[in-house]
Amino acid sequence: MRFSIALIPTLKEAPVEAHTVSHRLMLRAGLIRPLGSGIYTWLPVGLKILRKVEAIVRQEMDAAGAQEVLMPAVQPAELWRESGRWDFYGKELLRIRDRHDREFCFGPTHEEVITDLARRELKSYRQLPVNFYQIQTKFRDEIRPRFGIMRGREFLMKDAYSFDMDAEGLEVTYRAMHAAYTRIFKRCGLSFRPVEADTGSIGGSSSHEFHVLASSGEDVIASCTQCDYAANLEKATSAMPTASDSDPGNSATMRLVSTPGKKSIEEVSAFLNLPQSHLVKGLVVEAGGRAHLLLLRGDHELNLVKATNALGLGTVQIPEPGRIAELTGGLPVGYVGPVGTSLPILADRALEQLTSFACGANQPDHHFTDAAWERDLPKPAFADLRNVQPDDPCPRCATGRLRLDRGIEVGHIFKLGDKYAKALAVSVLDPDGQERTPIMGCYGIGVSRVVAAAIEQNHDDNGIIWPVALAPFEVEILLANPNDPLSVQTAETLYAGLTAMGITALLDDRDDRLGVKFKDADLIGCPLRVVAGGRALKEGKVELQIRRGGDPMQVPVSEALVTIREKLAAHALMEQS
RNA sequence: CGGGGUGUGGCGCAGUCUGGUAGCGCAUCGGCUUUGGGUGCCGAGGGCCGGAGGUUCGAAUCCUCUCGCCCCGACCA
């Protein structure tokens with residue numbers, strides 16, 4: 001591509017509303033332009049990157065035996081009513097009416113459509129297992145779109161849906177997808193991690209997320225420093241710490257102490273001169289239409305997903321501050337505790353080991369100290385309710401410790417079970433001629449999000465640093481002096497030579513100063529930069545520079561093509577290891 | 001949806017408090033200059049100041065309504 005005639009509208013400054021690195025760089029490098037909240041046009045260079053990701057995904061899905069289809073973006077409401085999601089899905093579902101006033105939605109996902117296809121076309125166990133996928137535009141009417149492409153409303157997604165005869169079959173398919181995803185992100189040259197995930201509202205028995213590691217990631221993932229245990233924070237658990245870690249081992253009798261105005265754990269801890277780990281905090285939550293008291297160690301943090309799962313009463317909600325007083329009979333926030341409360345109690349399992357602790361006294365401005373289970377209050381039910389913390393012991397191996405990293409979720413695989421197949425009455429005949437409901441799995445990759453995530457992970461102050469596998473062009477040739485015939489000839493020869501070798505190149509042939517071209521080249525971030533012309537050419541050489549870093553090198557013009565090919569190959573190999 | 005902010009040439013902003021008919025930098029176009037890190041100079045084009053209504057002799061500026069966008073929160077593969 002020739003820069004001079006291409007639409008590559010680079011910007012010195014990004015619009016103020018763009019804060020995220022990838023959002024700013026995508027705008028500045030001229031990859032995308034906004035059209036509305038959470039919707040973007042992909043410009044020529046940006047589209048090339050998107051297509052690179054698509055191609056890798058497509059190749060690996062095909063190689064894993066999945067079949068590509070393309071389903072409608074617009075789906076009849078009837079189908080969604082059949083699965084029960086028309087009412088359940090909420091406002092995120094963009095609903096539309098046609099001229100006959102019939103209801104439709106713009107698909108945020110395609111379980112219904114694929115399941116409808118399956119019930120029409122799949123009749124026999126001989127047709128299974130099958131796995132269908134598509135790469136398609138989705139629309140989810142997010143409450144608050146943000147971070148540019150990262151969390152847009154319209155986005156490009158690869159979604160796949162598998163049908164197996166039984167759980168064993170699904171297990172095989174699921175593993176194949178796990179392996180395919182691993183190959184995909186590896187080939188993209190990204191640093192990533194598959195983690196165990198909570199199955200959440202979609203249900204199903206098993207789930208893994210694939211996260212691109214980036215300090216700006218929205219999600220927190222825990223992983224073991226010794227073994228391969230990794231899970232997202234919602235799901236991650238730890239081995240029980242040994243009792244001596246936190247237990248004060250105090251047998252003094254329980255005392256009521258005055259703690260005027262001391263509401264937070266920090267305040268109470270400082271006031272009573274006790275470590276936060278010797279305090280028990282009470283959190284009033286609502287679930288299943290009534291209030292519950294959750295107990296956590298003072299230095300621990302509530303995990304809402306775990307609490308929801310443990311209570312088993314539907315979503316656990318944290319009430320508004322005013323509402324808490326209502327639920328506790330007018331008690332100010334900060335003094336709720338387990339001693340003498342009328343609320344049902346669920347305690348984090350870490351508390352079981354505490355032989356004595358301080359806690360709110362259920363009266364304003366007072367706490368108890370040296371409270372002990374069974375002596376001062378009955379032992380409540382215990383469950384894992386907290387977020388793991390760095391250095392917690394690994395739940396899987398004996399020796400490892402957990403570390404926490406930030407990640408961007410780019411892929412998610414699910415064992416769906418028979419939820420949709422049952423709702424839409426899919427059945428196939430088994431070898432005995434009996435009707436059976438197939439077991440489904442679903443597998444998503446946020447294709448457009450991968451582009452943004454790659455930038456979040458690979459950039460510096462000057463711009464994007466593309467992995468070779470995703471780069472819009474593998475090489476950018478800077479024509480140093482457009483008015484010098486020898487420079488022009490060198491650049492053109494290189495450009496033609498690279499093209500003939502199947503190496504994609506961007507030729508910056510604009511009538512501009514070299515400095516301008518350097519800036520744009522850094523911004524756009526092609527893996528290898530070649531300067532044709534200028535001082536190197538005086539000695540019959542061109543200058544090569546790897547965008548990721550290192551010293552520029554000068555090579556004779558005659559050797560340039562071969563050297564470029566070698567460097568790119570070596571670089572790509574390094575990125576995918 | 002709750003709270004906060006913001007809308008002025010393509011982008012970044014000033015002007016709004018204290019009404020007098022719109023300005024700066026970048027970008028764009030023309031010319032000269034420069035030519036290895038967003039060169040310097042001269043000149044030009046481009047804005048019904050988000051929209052509607054109101055107050056006023058006069059509104060970017062004051063009032064009312066409305067729309068878009070951004071941030072925080074809750075929510076979310």
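Remember, predicted model here, so these are calculated numbers, not experimental data. Each chain gets a letter, A, B and so on, in the order its sequence line appears, and its residues count up from 1. Keep in mind that the numbers below use all heavy atoms, side chains included, and drop hydrogens, waters and symmetry copies.
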Next item on the list: Provide the distance between the two P atoms, one in B:rC49 and one in B:rA44, to the nearest whole Å.
Entry: 24 Å

Checklist line | C1' spacing across the pair B:rC13 / B:rG7, given as an integer number of angstrom | finding: 13 Å

Next item on the list: Rounded off to whole Å, could you give me the CG-to-P distance for the A:Asp219 and B:rA77 pair?
Entry: 11 Å

Notebook entry, point to check: If you check every side-chain atom of A:Glu409, which of B:rA77, B:rG12, B:rC76 has the closest atom?
Noted result: B:rA77

Do any side-chain atoms of residues 29-45 of chain A form donor-acceptor pairs under 3.5 angstrom with protein atoms, and if so which ones, sequence neighbours left out?
residue: A:Arg33; atom: NH1; partner: A:Leu27; partner atom: O; Å: 2.9
residue: A:Arg33; atom: NH2; partner: A:Pro9; partner atom: O; Å: 2.7
residue: A:Tyr40; atom: OH; partner: A:His23; partner atom: NE2; Å: 3.2

Next item on the list: Between B:rG36, B:rG37, B:rA77, spot the one nearest the side chain of A:Ala536, thanks.
Entry: B:rG36

Checklist line | Nearest-Å distance once atom C1' is located in both B:rA59 and B:rU18 | finding: 14 Å

Note to self: Using a strict threshold of under 4.0 Å (side-chain N to carboxylate O), is an ion pair present between A:Glu111 and A:Lys419?
What the structure shows: no

Check: OP1 or OP2 of B:rU39 sitting under 4.0 Å from any side-chain N/O of A:Arg513?
Finding: yes

Checklist line | Minimum-distance nucleotide (side-chain atoms of A:Ser37 versus B:rU39, B:rC69, B:rG37) | finding: B:rC69

Note to self: Please report the distance, rounded to the nearest Å, between CE in A:Met157 and P in B:rC76.
What the structure shows: 16 Å

Margin query: Tell me whether the rings of A:Phe106 and A:Phe139 are parallel (<30°), tilted (30 to 60°) or perpendicular (>60°).
Written below: perpendicular

Next item on the list: Give the nucleotide from the list B:rC70, B:rG37, B:rG38 with an atom nearest to the side chain of A:His19.
Entry: B:rC70

Next item on the list: Both distances under 3.5 Å, Watson-Crick or G-U wobble: report the partner of B:rC32, or none.
Entry: B:rG40

Next item on the list: Give the rounded distance in Å between these two atoms: CD1 of A:Ile32 and P of B:rG10.
Entry: 19 Å

Check: Does the distance from a Lys or Arg side-chain N to an Asp or Glu carboxylate O, for A:Glu171 and A:Lys415, drop under 4.0 Å?
Finding: yes

Margin query: So that I can tick it off, tell me whether A:Glu301 and A:Lys281 are bridged by a salt bridge, with the cut-off set at under 4.0 angstrom between side-chain N and carboxylate O.
Written below: no

Notebook entry, point to check: Given B:rG38, B:rC72, B:rC76, which nucleotide is nearest the side-chain atoms of A:Thr10?
Noted result: B:rG38

Notebook entry, point to check: With a 4.0 Å cut-off on heavy atoms, is A:Gly444 in touch with a base, just the backbone sugar-phosphate, or nothing at all?
Noted result: nothing

Item checked: Under 3.5 Å donor-acceptor pair, A:Asp512 side-chain atoms to B:rG38 base atoms -> no

Next item on the list: Could you work out the separation of B:rG9 and B:rC26 based on their C1' atoms and round it to a whole Å?
Entry: 12 Å

Notebook entry, point to check: Among the nucleotides B:rG38, B:rC76, B:rU39, which one has an atom lying closest to any side-chain atom of A:Glu92?
Noted result: B:rC76

Next item on the list: Would you state whether a donor and an acceptor, one from the side chain of A:Arg529 and one from the base of B:rG37, lie under 3.5 Å apart?
Entry: yes

Next item on the list: Could you pick out which residue, A:Ala480 or A:Leu304, lies toward the 5' side of RNA chain B when each is mapped onto its nearest nucleotide?
Entry: A:Ala480

Item checked: Rounded distance in Å - CZ (A:Phe147) to P (B:rC76) -> 16 Å

Check: If you check every side-chain atom of A:Leu514, which of B:rG38, B:rA77, B:rG36 has the closest atom?
Finding: B:rG36

Notebook entry, point to check: Paired with B:rG2: which nucleotide, if any, by Watson-Crick or G-U wobble criteria at under 3.5 Å for both distances?
Noted result: B:rC72

Notebook entry, point to check: Base, sugar-phosphate alone, or nothing: which one does A:Phe155 contact when heavy atoms must sit under 4.0 Å apart?
Noted result: base

Next item on the list: Name the orientation class of the two ring planes belonging to A:Phe414 and A:His412 (parallel below 30°, tilted from 30 to 60°, perpendicular beyond 60°).
Entry: parallel

Checklist line | RNA chain B: 5'-proximal contact among A:Leu537 and A:His23 (nearest heavy atom) | finding: A:Leu537

Check: Across the strands shown, which category fits A:Asp520 at heavy-atom distances under 4.0 angstrom: base, sugar-phosphate, nothing?
Finding: base

Checklist line | A:His19 and A:Phe147 aromatic centres sub-6.0 Å | finding: no

Next item on the list: For the pair A:His208 and A:His178, name the ring-plane relationship: parallel under 30°, tilted 30 to 60°, perpendicular over 60°.
Entry: perpendicular

Note to self: Base, sugar-phosphate or nothing for A:Gly533? Non-hydrogen atoms, less than 4.0 Å.
What the structure shows: base

Next item on the list: State which of B:rA27, B:rA77, B:rC13 makes the closest approach to the side chain of A:Lys12.
Entry: B:rA27

Notebook entry, point to check: Looking at B:rC71, does its base get a donor-acceptor pair with the side chain of A:Arg146 below 3.5 Å?
Noted result: no

Next item on the list: For B:rG47 and B:rU28, measure between their C1' atoms and round to the nearest Å.
Entry: 15 Å

Note to self: Just to be sure I understand the geometry, which residues of residues 542-561 of chain A put a non-hydrogen atom under 4.0 Å away from RNA chain B?
What the structure shows: A:Glu543

Checklist line | Who pairs with B:rG23 - Watson-Crick or G-U, where each distance is under 3.5 Å | finding: B:rC13

Margin query: Say we look at B:rA27 and B:rG45: how far apart would their C1' atoms be, to the nearest angstrom?
Written below: 13 Å

Notebook entry, point to check: Which listed nucleotide (B:rG36, B:rC11, B:rA77) is nearest to the side chain of A:Val531?
Noted result: B:rG36

Check: Of all the choices, B:rA77, B:rG37, B:rG12, which nucleotide is nearest to the side chain of A:Asp522 once you look at every atom?
Finding: B:rG37

Item checked: Gap in Å between the two C1' atoms, one belonging to B:rG46 and one to B:rG10, rounded -> 10 Å

Item checked: Pairwise C1' distance, B:rC24 and B:rG4 [rounded to whole Å] -> 29 Å

Next item on the list: Please state how far atom CZ in A:Arg33 lies from atom P in B:rC69, giving the value in whole angstrom units.
Entry: 18 Å

Notebook entry, point to check: What closest approach, in Å, do A:Gly152 and A:Glu142 show between heavy atoms, and which atom pair accounts for it?
Noted result: O-CG, 4.1 Å

Check: Could you go step by step and tell me if A:Gln134 and A:Met157 meet the side-chain contact (heavy atoms from CB on, under 4.5 Å) rule?
Finding: CA-CA 8 Å; A:Gln134 64 173 348; A:Met157 181 171 177; over 6 Å; no

